[in-house]
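Position 1 is the first residue of the sequence, and the numbers go up from there.
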Amino acid sequence: YQAIVAKIEEVSPRIVIVDSFRTLLPRAATEASMELQEFMQRLAMHLTTWQATTFLLGEYPEAQIRENPVFTMADGLLTMNQHVNRNSMVRQIQVLKMRGNAPQPGLHTIRISDRGVQAFPRMLKPIEEAQAEVTPELISTGIAGLDEMLGGGTLRGNGILVAGPVGSGKSTMAVQ
């Protein structure tokens with residue numbers, strides 16, 4: 001933990017990506033869960049103090065996302081998946097939670113190509129109705145369609161947990 005904090009303080013980044021976040025937790029999973037919760041609270045406190053927008057990437061099954069207390073501490077929670085449909089790989093993203101915003105519900109299609117990640121939100125109703133007021137603190141994720149799904153971006157300083165299986169596009173999305 002101290003090595004992570006020291007490196008972040010040295011660099012003072014605006015964006016922090018931890019890939020894979022799940023690899024930080026194996027030791028804590030075998031010890032008391034209080035140690036894990038304390039680690040998460042300390043990390044969240046530091047990241048908030050630094051005003052760094054944080055992407056914590058991990059391969060978590062859906063059942064674990066709903067049960068693990070780690071997921072309650074994130075300001076945003078995105079899940080990604082991929083499956084084959086009619087011989088084509090289909091990747092999707094879902095915004096389960098985004099504090100301060102009114103995200104569009106449901107699964108939305110994404111595409112990864114040489115142009116990066118593109119998101120194609122399902123618009124159930126006009127974005128103006130879904131989010132009455134967009135705060136001036138919103139920042140872009142770097143993916144126009146994802147920003148649209150999030151109601152204009154994410155609040156500066158939010159911590160966003162991106163979960164999904166290997167190959168679903170978590171790292172590519174976070175780097176973009």
Of all the heavy-atom pairs spanning Gln92 and His83, show the shortest one and how long it is. OE1-CE1, 3.4 Å
State the CD-CZ distance between Gln118 and Arg91, to the nearest 0.5 angstrom. 12.5 Å
Using modelled atom types only, decide if a donor and an acceptor are shared between the side chain of Thr172 and the backbone of Gly169 within a distance under 3.5 Å. no
CE on Met98 to CD on Gln104, rounded to 0.5 Å: 13.0 Å
Beyond-backbone contact of Ile143 with Ile110, side-chain heavy atoms, under 4.5 angstrom: no
Met149 and Pro121: which non-hydrogen atoms are nearest, and at how many Å? CG-CB, 3.1 Å
Check whether any side-chain heavy atom of Val162 sits under 4.5 Å from a side-chain heavy atom of Ile160, and report yes or no. yes
Gap between atom CG of Leu78 and atom CG of Leu150 - 0.5 Å precision: 6.5 Å
With sequence neighbours excluded, give me every salt bridge (Lys or Arg N to Asp or Glu O under 4.0 Å) pair touching residues 43-54. none
Tell me whether Ile17 shares a hydrophobic cluster with Val117, the cluster being built from Ile, Leu, Val, Met, Phe, Trp, Tyr side chains joined at under 4.5 Å. yes
Does a donor on one side chain and an acceptor on the other come within less than 3.5 Å for Asp147 and Thr141? yes
Point-to-point distance, once rounded to the nearest 0.5 Å, from OG1 of Thr109 to CG of Asn85: 9.5 Å
Give the C-alpha distance, both sets of side-chain angles, the deciding distance and a yes or no for side-chain contact (heavy atoms from CB on, under 4.5 Å) between Leu56 and Thr54. CA-CA 6 Å; Leu56 306 172; Thr54 309; 3.6 Å; yes
Hydrophobic cluster membership, with links at side-chain heavy-atom distances under 4.5 Å among I/L/V/M/F/W/Y: are Val95 and Phe120 in one? no
Mind listing the closest non-hydrogen atom pair of Leu146 and Ala119 along with its distance? N-CB, 3.3 Å
Atom CE in Met89, atom CD in Gln82: separation rounded to 0.5 Å? 4.5 Å
Can you list the steps and then say if Ile93 with Met173 is a side-chain contact (heavy atoms from CB on, under 4.5 Å)? CA-CA 11 Å; Ile93 188 167; Met173 184 204 69; 4.0 Å; yes
Working to the nearest 0.5 Å, report the span between OG1 of Thr154 and CZ of Phe55. 7.0 Å
Determine yes or no for a side-chain-to-main-chain donor-acceptor pair under 3.5 angstrom, with Lys170 supplying the side chain and Thr79 the backbone. no
Salt bridge (charged side-chain N to carboxylate O under 4.0 Å, His left out) partners of Arg99, counting only residues at least two apart: Asp75
